Amino acid sequence: MEEKQALVILNQARRALDSLPQVKIMDDWRFDNELKVWFLHLGISIDYKTPYFPQVSQWYIVAESEYPKGKIKVYPDVENSMNVTLYHQSSNAKVEKNGLWRKGALCLEINTISAFQSEPHNVDERLLYHVKRAINWLELAAKDKLVSEDEPFELPDFTLSNILEMQFAFSEDVVTFMQWESTECRYGIAELDVYKSKPFVYYVKLFKSLDDNIEHYTQWGKQLSKTNISPPISALWIFLNQPPAINKWQAPETFGDLIDACNNQHIDIMDVLKNMVSKIRDGRRHLLLLGFPIPKVFGGEPELVSWKALYLPVVSYGKKTAKGFRANQQGWWFRDKSEVLNRKSKLDWIISENWNQQEISQRGKMNDFLLRKKMLIVGAGCIGASVGEILVRSGIYNLTIVDSDIFKVGNLSRHVLNLNNIGELKELSLCSYLNSLNPHANVEVINDTIIIDEEFKTNIDLDKYDIIIDCTGENSVLNIFQNINLKGKHVLASISVGLGAKHLYIALTNNHIMNFNNFYELISPYLHNEKALYDDYHLPRDGTGCWHPTFPGRSDDIWIAAATSVKAIENYILSKSEKMLSLVYEQRESNGFFEGYVMVDKKEDG
């Protein structure tokens, strides 16, 4: 949008502010050629006194040329506003390049102020909306009511390094919080591994004391439990009493800030580091991990441990000593204090995330009752693989895959595996893939097929599993289940699809004795009708050798079938039904639009 046209629109938006008696326009809209943004200078008056900012404070409204689209930010004036950082505010430590405003933008985009409705996006209302929210934010800040006691806790805004491509992962929950509560050691050496590069993802495996005692062990799934780098990467760790902050709620920007933040907690971090840096005098940079207890909500008791990682500069080693000192711990430490870790040294914070399963599953998980179950999937084909992926992504981590088949090029059309897996055993590749979906997944594999002996015993110990899901579509497998007698009750689900995946057949039973005759009886008419279609349907062949048909069905058909099946299994288990349930679903369309699978037949037995 051209500047003249943008200015016309912005002036129209500004006129709406005339309705606010608390607002005074200090300077009209101007354009910053370096930042490529428009800014409006205004004063805001409130009726409450506070030590954080004057009753009449000055602010900059920053908008993009695409207004009413684009971002809108409210920043404090450098001289006539606030220099502390409060809740629901970006770090206010730094000043923008133009020297006009500090970078502590007020958090107004999300609904942190309950009295406000959703944000409008038209010319006359969007700017007015943000200024009204800014006024309300200032009033709440003056009354120390920016957060309520039942509001989810938020850490200070840590300014991340914009040149370091790395992240740090840890795993903490209420159980590990109690473990840390009983640990007396408060600093030491952590052992890290690297999951991937570009960006590097470091994750912690062990926390040790300086005398090499293991103080805390992080439990990961199969993918992260294996060793990627040997010997492990060393990092320093320090456990604080609370999140490090100065100027109310500002995360440290420099080493001096960190020293002050720790002094506020009666922790002499320089004295602690003096005892630890001898472990990392190897000419390389190392991470410093700062842990601290946090509540789940503001005003609540601490329930979790959070960690923030920063990338330390290279500490003194070899001949790099303080002037006049020998190459020993004293000489190195004096140089560290004066040159490496001095008060002006910038802190390189990196992204630090809690990869605990409770955090990961917040966006969606299976019912907690199912999360504790051990599951077995028989068949690593497209249905079994898709069901496995849904289960793992939903938090089912104790999963075993049984199959013995090769992944071929024809499988690419609808299997979750890819070109890199051609020629490999499906079950092994699928196991590796599923374990890569979640840092806590413990998917195992049995490279075999289920068989039964003369004594009606299977070669696989099925009694180890609470839930068995047959995805082979083979009657022979169901016949095996029907001819065995399990020691206890197990949920068995059988999933298969018909021609073109237009029909989905599911059998569910919850007993140690299984009988599928009624299931066969229910689905028989549908299979008969599909068989009649085979003559008019050119079935795809598997390669150009001896002709062998493979059932047609696109990947989206398989995914819908798998998702429908998982929901049916979950509902059946949670219902605690003692009856066998046979289900038939059919794909439906209405006026040319797909509606999904609809249950068209159902039979209960027992």
Side-chain angles (χ1 to χ4, degrees), residues 23 26 32 34-35 37 39-46 48-63 71-110 112-113 130-131 133-147 151 153-162 242-265 290 292 294 298 308 310 343-352:
V23 174
M26 311 297 295
D32 189 306
E34 186 175 0
L35 299 176
V37 294
F39 59 90
L40 178 68
H41 191 196
L42 43 84
I44 298 178
S45 60
I46 60 172
Y48 309 96
K49 290 184 178 181
T50 173
Y52 306 141
F53 47 83
Q55 279 186 271
V56 180
S57 54
Q58 295 182 16
W59 301 81
Y60 282 89
I61 313 297
V62 177
K71 295 179 180 179
I72 297 178
K73 296 288 185 180
V74 179
Y75 295 100
D77 179 281
V78 167
E79 295 183 355
N80 301 293
S81 191
M82 60 190 299
N83 53 24
V84 299
T85 302
L86 302 180
Y87 300 127
H88 296 317
Q89 182 183 12
S90 300
S91 176
N92 203 30
K94 295 182 179 179
V95 175
E96 190 51 81
K97 297 176 184 177
N98 56 27
L100 298 176
W101 60 79
R102 306 185 76 87
K103 292 188 176 183
L106 307 185
C107 183
L108 307 175
E109 292 86 350
I110 58 176
T112 55
I113 303 173
H130 277 263
V131 175
R133 285 179 69 94
I135 294 170
N136 197 264
W137 189 97
L138 293 172
E139 291 174 343
L140 291 172
K143 294 185 286 186
D144 281 327
K145 293 184 177 180
L146 271 176
V147 296
E151 187 176 334
F153 181 79
E154 294 179 3
L155 289 173
D157 177 31
F158 288 79
T159 302
L160 301 176
S161 170
N162 56 8
Q242 60 192 45
I246 60 171
N247 297 331
K248 292 297 292 183
W249 202 234
Q250 175 193 312
E253 298 274 340
T254 66
F255 219 87
D257 292 343
L258 182 58
I259 291 172
D260 294 340
C262 291
N263 284 340
N264 292 337
Q265 303 181 34
L290 298 178
F292 39 84
I294 60 171
F298 282 104
K308 281 293 179 181
L310 62 91
R343 291 189 63 87
K344 294 182 179 180
S345 298
K346 180 179 175 295
L347 297 180
D348 285 328
W349 296 104
I350 66 171
I351 295 173
S352 304

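Every value quoted in this text rests on a predicted model; they were computed, and no experiment measured them. Note that these values count all heavy atoms, side chains included, but never hydrogens, waters or copies made by symmetry. Residue numbers count from 1 along this sequence.
- Within the 4.5 Å cutoff, the side chain of Tyr87 has no heavy atoms near those of the Glu154 side chain.
- In this structure, Leu42 and Ile61 approach most closely via the heavy-atom pair CD2-CG1, 3.7 Å.
- Between Phe158 and Pro244 the shortest side-chain heavy-atom distance falls below 4.5 Å.
- For Lys145, the side chain to side chain contact (heavy atoms under 4.5 Å, CB included) test picks out Leu140, Lys143, with sequence neighbours left out.
- Under the side chain to side chain contact (heavy atoms under 4.5 Å, CB included) criterion, Thr159 pairs with Ser91, Lys94, Glu253, sequence neighbours left out.
- When atom types are taken as modelled, the side chain of Gln58 and the backbone of Asn80 share no donor-acceptor pair closer than 3.5 angstrom.
- Under the 3.5 Å distance criterion, the side-chain polar atoms of Asn136 are left unmatched by any main-chain donor or acceptor of Arg133.
- Taken to the nearest 0.5 Å, the CD1 atom of Ile46 stands 6.5 Å off from the OG atom of Ser57.
- Minimum heavy-atom separation, Ile44 to Ile135: CG2-CG1, 3.8 Å.
- In terms of modelled atom types and a separation under 3.5 Å, the side chain of Gln265 and the main chain of Gln242 share a donor-acceptor contact.
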I'd like to know whether Leu86 forms a side-chain contact (heavy atoms from CB on, under 4.5 Å) with Trp137, so could you lay out the CA-CA distance, the side-chain angles of the two residues, the decisive distance to 0.1 Å, and finally the verdict.
CA-CA 10 Å; Leu86 302 180; Trp137 189 97; 4.0 Å; yes

Compile the donor-acceptor pairs under 3.5 Å between side chains in residues 245-252 and protein atoms, sequence neighbours left out, one pair per line.
{"unit_1": "Asn247", "atom_1": "ND2", "unit_2": "Gln250", "atom_2": "OE1", "d": "3.3"}
{"unit_1": "Lys248", "atom_1": "NZ", "unit_2": "Tyr52", "atom_2": "OH", "d": "3.1"}

Applying side-chain contact (heavy atoms from CB on, under 4.5 Å), run through Leu290 and Leu258 and close with a yes or a no.
CA-CA 11 Å; Leu290 298 178; Leu258 182 58; 3.8 Å; yes

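- Heavy atoms only, all atoms of each residue included: Val84 and Gln89 are closest at O-OE1, 3.9 Å.
- Taking 4.5 Å as the limit, some side-chain heavy atom of Arg343 sits within range of a side-chain heavy atom of Asp260.
- The side chain to side chain contact (heavy atoms under 4.5 Å, CB included) test applied to Val78 returns Val95, Arg102, not counting sequence neighbours.
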Begin from the C-alpha positions of Leu347 and Asp257 and carry the test side-chain contact (heavy atoms from CB on, under 4.5 Å) through to its verdict.
CA-CA 9 Å; Leu347 297 180; Asp257 292 343; 5.6 Å; no

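- Checked against side-chain hydrogen bond (donor to acceptor under 3.5 Å, both in side chains), Ser90 has no partners two or more places apart in sequence or in another chain.
- Ile72 contributes atom CD1, which lies 10.0 Å from atom CG of Leu108 (distance to the nearest 0.5 angstrom).
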Kindly indicate, with the supporting measurements, whether the criterion side-chain contact (heavy atoms from CB on, under 4.5 Å) is fulfilled by Met82 and Trp59.
CA-CA 10 Å; Met82 60 190 299; Trp59 301 81; 3.5 Å; yes

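- In plain terms, the two heavy atoms of Lys73 and Ala105 that are nearest each other are CD-CB, 4.2 Å.
- By the ring-ring contact (aromatic ring centres under 6.0 Å, His included) test, Tyr60 is found to be paired with Phe39, His41, Trp101, residues two or more places apart in sequence or in another chain being considered.
- Of all heavy-atom pairs between Pro76 and Ser81, the closest is CB-OG, 3.2 Å.
- Ile351 contributes atom CD1, which lies 9.0 Å from atom NZ of Lys308 (distance to the nearest 0.5 angstrom).
- With a 6.0 Å radius and a threshold of 12 heavy atoms from other residues, nucleotides or ligands, Lys346 has its NZ atom above the threshold.
- Between the side chain of Thr50 and the main chain of Phe53, no donor-acceptor pair closer than 3.5 Å is present.
- Interatomic distance, CG of Leu100 versus CG of Asp77, reported as 8.0 Å (0.5 Å rounding).
- Taking NZ of Lys344 as the start and CZ of Phe255 as the end, the distance is 16.0 Å to the nearest 0.5 Å.
- Leu35 is listed as a side-chain neighbour of Asn98, based on a closest heavy-atom distance under 4.5 Å.
- The two residues Thr85 and Ala93 have their closest heavy-atom pair at OG1-N, 4.5 Å.
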